[in-house]
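Reading through the structure tokens given below for one structure.
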Amino acid sequence: MLASGSRGNCAVVASATTRILVDAGISCREIFKRIKSLAEDPQTLSAILITHEHSDHVSGLATLAKKLRIPIFMTGATHQAWSRAMRDENGERPQLEKLERFESGHSFQVGDIAVRPFTIPHDAADPVGFTFRVEGIKVGIATDLGYLPASVCDHLRGCDVLVMESNHDVEMLRGGPYPWSVKQRVMSRVGHLSNQSLADFFANGYDNSAAFVVLAHLSELNNHPEIARREAEKALALRGSLFRNRVLLAAQTEALAPIRL
Ligand SMILES: [Zn+2]
Ligand SMILES: [Zn+2]
């Protein structure tokens, strides 16, 4: 997890031979810096996958695409929304040299990694989460979603690493500084997942499969890492599974130490 939160999201999923960047929501410079801080080389990235067009997921994309010249995967609707919103200094829409369109629900391959995108409920053109399978390991990423429909829970079964949104504490959001319209948006069915909704998933819908659970996309104003951790651990402990699931927190300002399986 190179960065996670409302000021930018970016993660790497890698096998021995393939390295995928998931979202590019911090600057290209910062992405390079954080990859290097983990003693890795950004030039070895194989592809970039985009979940949706919100700026905290794409702000570094145009520059990164120009620098790396590797395939960029996104859905057609996400690409349209992204290019409508983007203009370079001459008012031109940026071109992606190696655009690869995928469709939600249809698996595709990047090197030896099998990628499955699935639809998530969020207020973007065509937002997706992903699962990745390689070498007998499954990784799931589901952030930016208003709630967890059964279809998403199904996709997340059997994951060894689960990256889940734990966006806000409901009480902190209600009493916090956001205008009411923004609070309503965040809390809506197409907004962001609360600590409490995630805890409900851990206590009820979750299959207890992950060795690592990563709490992601935490709000800096309406949440606190220790509150998010406590809610998640409490719910996992109810199932007697805290020992099995190590809870980690992805941060906004620095990369999380790599999870190696
Ligand atoms: Zn986001
Ligand atoms: Zn979003």
Side-chain angles (χ1 to χ4, degrees), residues 1-13 20-28 30-31 34 48-62 64 72-86 102 104 117-131 139-149 152 155-156 162-170 172-173 176 178-179 181-195 197-198 201 214-225 228 249-256:
M1 303 297 295
L2 298 179
S4 185
S6 45
R7 285 190 289 118
N9 295 275
C10 191
V12 179
V13 177
I20 297 174
L21 195 76
V22 182
D23 284 335
I26 51 176
S27 71
C28 177
E30 194 61 28
I31 291 171
R34 293 191 192 191
I48 303 170
L49 270 57
I50 299 296
T51 58
H52 64 297
E53 74 278 13
H54 288 164
S55 62
D56 59 320
H57 298 261
V58 297
S59 62
L61 179 62
L64 198 62
I72 318 283
F73 291 80
M74 55 176 114
T75 74
T78 297
H79 177 248
Q80 264 184 3
W82 175 77
S83 61
R84 262 200 305 268
M86 291 285 298
F102 65 80
S104 178
F118 53 89
T119 297
I120 53 170
H122 189 55
D123 53 0
D126 189 14
V128 296
F130 292 112
T131 59
V139 176
I141 300 185
T143 69
D144 297 73
L145 65 182
Y147 71 106
L148 281 167
V152 171
H155 281 288
L156 298 177
L162 202 49
V163 178
M164 298 297 297
E165 172 158 48
S166 193
N167 180 261
H168 57 277
D169 173 82
V170 174
M172 281 178 80
L173 176 67
Y178 283 3
S181 58
V182 179
K183 290 182 188 180
Q184 269 181 317
R185 189 223 141 210
V186 172
M187 280 190 279
S188 79
R189 301 270 281 178
V190 289
H192 289 278
L193 203 68
S194 68
N195 298 343
S197 302
L198 181 61
F201 166 69
V214 182
L215 306 183
H217 216 300
L218 267 71
S219 166
E220 288 175 301
L221 285 174
N222 305 307
N223 207 349
H224 189 283
L249 279 127
Q252 184 72 82
T253 52
E254 58 179 1
L256 186 69

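Whatever order the structure lists ligands and atoms in, that order sets their numbers, starting from 1.
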Of all the N, O or S atoms in Asp144, the one nearest to the Zn ion (ligand 1) is OD2
Looking at His54, the N, O or S atom sitting nearest the Zn ion (ligand 2) is ND1
Suppose we only count N/O/S atoms under 2.8 Å; would His57 qualify as near the Zn ion (ligand 1)? yes
Would you say the side-chain atoms of Ser219 pair up with the backbone N or O of His168, donor to acceptor, closer than 3.5 Å? no
Would you say His217 and Asp144 are linked by a side-chain donor-acceptor pair, where the criterion is simply a distance under 3.5 Å? yes
Could you tell me whether Glu220 and Arg7 have a side-chain N and a carboxylate O separated by less than 4.0 Å? yes
For the Zn ion (ligand 2), the nearest N/O/S atom on His122 is atom NE2
Among N, O or S atoms, Asp56 approaches the Zn ion (ligand 1) most closely through OD2
query = With distance as the sole criterion, is a donor-acceptor pair present between the side chains of Asn9 and His54 under 3.5 Å?
reply = no
Among the N/O/S atoms of His217, the Zn ion (ligand 1) lies closest to NE2
TODO: Would you please say whether a donor-acceptor pair under 3.5 Å links the side chains of Asn195 and Ser166?
DONE: yes
Confirm or rule out an N/O/S atom of His52, from backbone or side chain, lying less than 2.8 Å from the Zn ion (ligand 2).
yes
Backbone or side chain, does Asp123 get an N/O/S atom under 2.8 Å to the Zn ion (ligand 2)? no
If you take the centroid of each ring, where Trp contributes its six-membered ring, are Phe73 and Phe130 closer together than 6.0 Å? no
